[in-house]
Every structure is written in C-alpha cells, then in structure tokens.
Amino acid sequence: MKWHLSEKTFAVVGSGDIGKAVSKALEEENAKVIMLSRKSENYLDVTDEESFKPYSSWSKMLDGLLYTAGVTIDKPVGLLSLSDWMEVINTNLTGAFLTAKHFYMALKPQSSVVFLSSIVGQWGNIGQAAYSASKAGLEALTKTLAKEWARKGIRVNAISPGLVDTKMTTQLPEPVKQGFIQHNLLKRLAAPEEIANAICFLLSPLSSFITGQNIYVDGGFFIS
C-alpha cells in the first residue's frame, strides 16, 4: 500500500470535502475510518464538551487523529460581532483543543495527529480576522501538543492549504478566488485529494520523524 496504513484505525473529525477525501484515501489503504461530526453516524459537536462523553471509554485504539472541523465568517473587523468571532474560534480552535484533550487516551503510542490549518494563519487576510486568528492559534496548539505528547511517541503536525476547491470556497466572491489563484505559482485551486495526500503522509509511518511542523500545501502561494 502507498501509505502503509492497512489495518490501522483513524478518527476523522469534521465532514467537509477535505475530511471526506482523506477518509476515502484511508479506506482505499484498507484502513478503518471513524468519522465524527454533527452530520455523521458517530455524532460529535466539537463546540460542546458534553458531546465527547460517549467516546470517553476509547483507550489506545487510534493510530491517528485528524481534525478538519472549521467554519469561517468573513467580515471586516468593524462589522464582526462578538458572536461571529466566538462561533469561529469555538469551532476552529476550542474544538481542536477539546478534541485533543478528550481523545488523548484513545491514541496509541507512536500514533499521529494532524490539524487542518490554513495559509491565512500566518498570512492574515482582509475580512478574515476570526478565521486567521483561529488558525494561528491552532498552529501554536500544534507545537505545544507536539512537545507535550512526544514522551508517548505521538507526533502532532498541521497542514496549511492554500485555496481548495471545496463547498466553503464556492461561497467566496469570484474576485477573491481569482486573487488567490493569481497569487500562487501554479495558478489554480487545489483539489481536496491533493490536500488529502499530504495529510495521509503525515498520518503514515513514512513521516515518522516529523513532528511539531506546519506544512504548506499552497501551490507556492507563500513564496510568490
């Protein structure tokens, strides 16, 4: 198998296009995938700590954990309400913290955790104060968990995509999309499967000496 993930078990938190693409790739590797979200058979609301209780009995059963849950509310700071801000932070950052906290005991030694961040966590973006701040915080959380969990052999990394062809992207105004496309070197959007490939690499034993990193999968956006 390409990623050497056969017979391993992974939890994928979030049911968006990237989470689905990763789940498909893992299943093609003959891995077991448990999807957790408000829309999945395995219900989980990452903004509600009580929602994690049904999984409290999980112990050393996961070879990997992927956090893809995320929302964005795009407004200039002057128009961004506190409730807007909290909705984004609670899902993108606090939800990641709660997931890490409550699934730690479910992770096997030598397992891998991946958080889905974004280039705007470092780059910032007009109208995306909450989203950018949440992703910057997620990258700091990644580094901290990598340090705390290394003693158990658990690796923790983040992936920062550029603009990806997902349902979330279709909500963006066309000039905004074109601006992202023209700014990256490859002059196109990423396919969810391209992000999934990078995530599967980090979940796999092929990346066994990589931890505490934030890897850009952005078509050369950051260096252009």
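Counting begins at 1 with the first residue of the sequence. Bear in mind the structure is a predicted one, so any value in this text is a computation, not a measurement.
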Sequence neighbours left out, what passes salt bridge (Lys or Arg N to Asp or Glu O under 4.0 Å) with Lys60? Give chain and number order.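 None.
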
For [X], all residues meeting side chain to side chain contact (heavy atoms under 4.5 Å, CB included), sequence neighbours excluded:
X	answer
Ser208	none
Met86	Leu82, Asn90
Lys101	Glu49, Phe97

[atom2] on [Y] to [atom1] on [X], rounded to 0.5 Å:
X	Y	atom1	atom2	value
Asn157	Lys143	CG	NZ	10.0 Å
Phe115	Ile159	CZ	CD1	13.0 Å
Met61	Asp63	CE	CG	9.5 Å
Lys75	Gln128	NZ	CD	13.5 Å
Thr9	Glu7	OG1	CD	8.5 Å

Whether Phe221 and Trp123 hold their rings parallel, tilted or perpendicular, with breakpoints at 30° and 60°: perpendicular

Could you check whether the rings of Tyr104 and Trp149 sit parallel, tilted or perpendicular, using 30° and 60° as the cut-offs? tilted

List the atom of Leu80, the atom of Asp84, and the distance in Å for their closest heavy-atom pair. CD1-CB, 3.6 Å

Side-chain heavy-atom pair Thr166, Pro192 within 4.5 angstrom cut-off: yes

Any side-chain heavy-atom pair of Lys2 and Asn197 under 4.5 Å: yes

Please tell me whether [X] and [Y] are part of a single hydrophobic cluster in this structure, the criterion being side-chain heavy atoms less than 4.5 Å apart.
X	Y	value
Leu62	Tyr43	no
Met105	Leu107	yes
Ile210	Leu66	yes
Leu185	Phe180	no
Ile215	Leu206	yes

CA sep, side-chain torsions, deciding dist, call: Ser40, Asn42, side chain to side chain donor-acceptor pair (under 3.5 Å): CA-CA 5 Å; Ser40 301; Asn42 302 290; over 6 Å; no

Looking at Leu36, Leu98, Ile34, which hits side-chain contact (heavy atoms from CB on, under 4.5 Å) with Val13? Leu36

Could you check whether atom NZ of Lys39 has more than 12 heavy atoms from other residues, nucleotides or ligands sitting under 6.0 Å from it?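 Result for NZ/Lys39: open.
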
Run the ring pair (Phe, Tyr, Trp, His ring centres under 6.0 Å) test against Tyr216 and tell me which residues pass, sequence neighbours left out. Phe222

Taking only residues two or more places apart in sequence, or in another chain, which ones meet Trp85 in a ring pair (Phe, Tyr, Trp, His ring centres under 6.0 Å)?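 Scan of Trp85 (ring pair (Phe, Tyr, Trp, His ring centres under 6.0 Å), adjacent residues dropped) gives none.
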
salt_bridge(Lys53, Glu50) N-O dist < 4.0 Å: yes

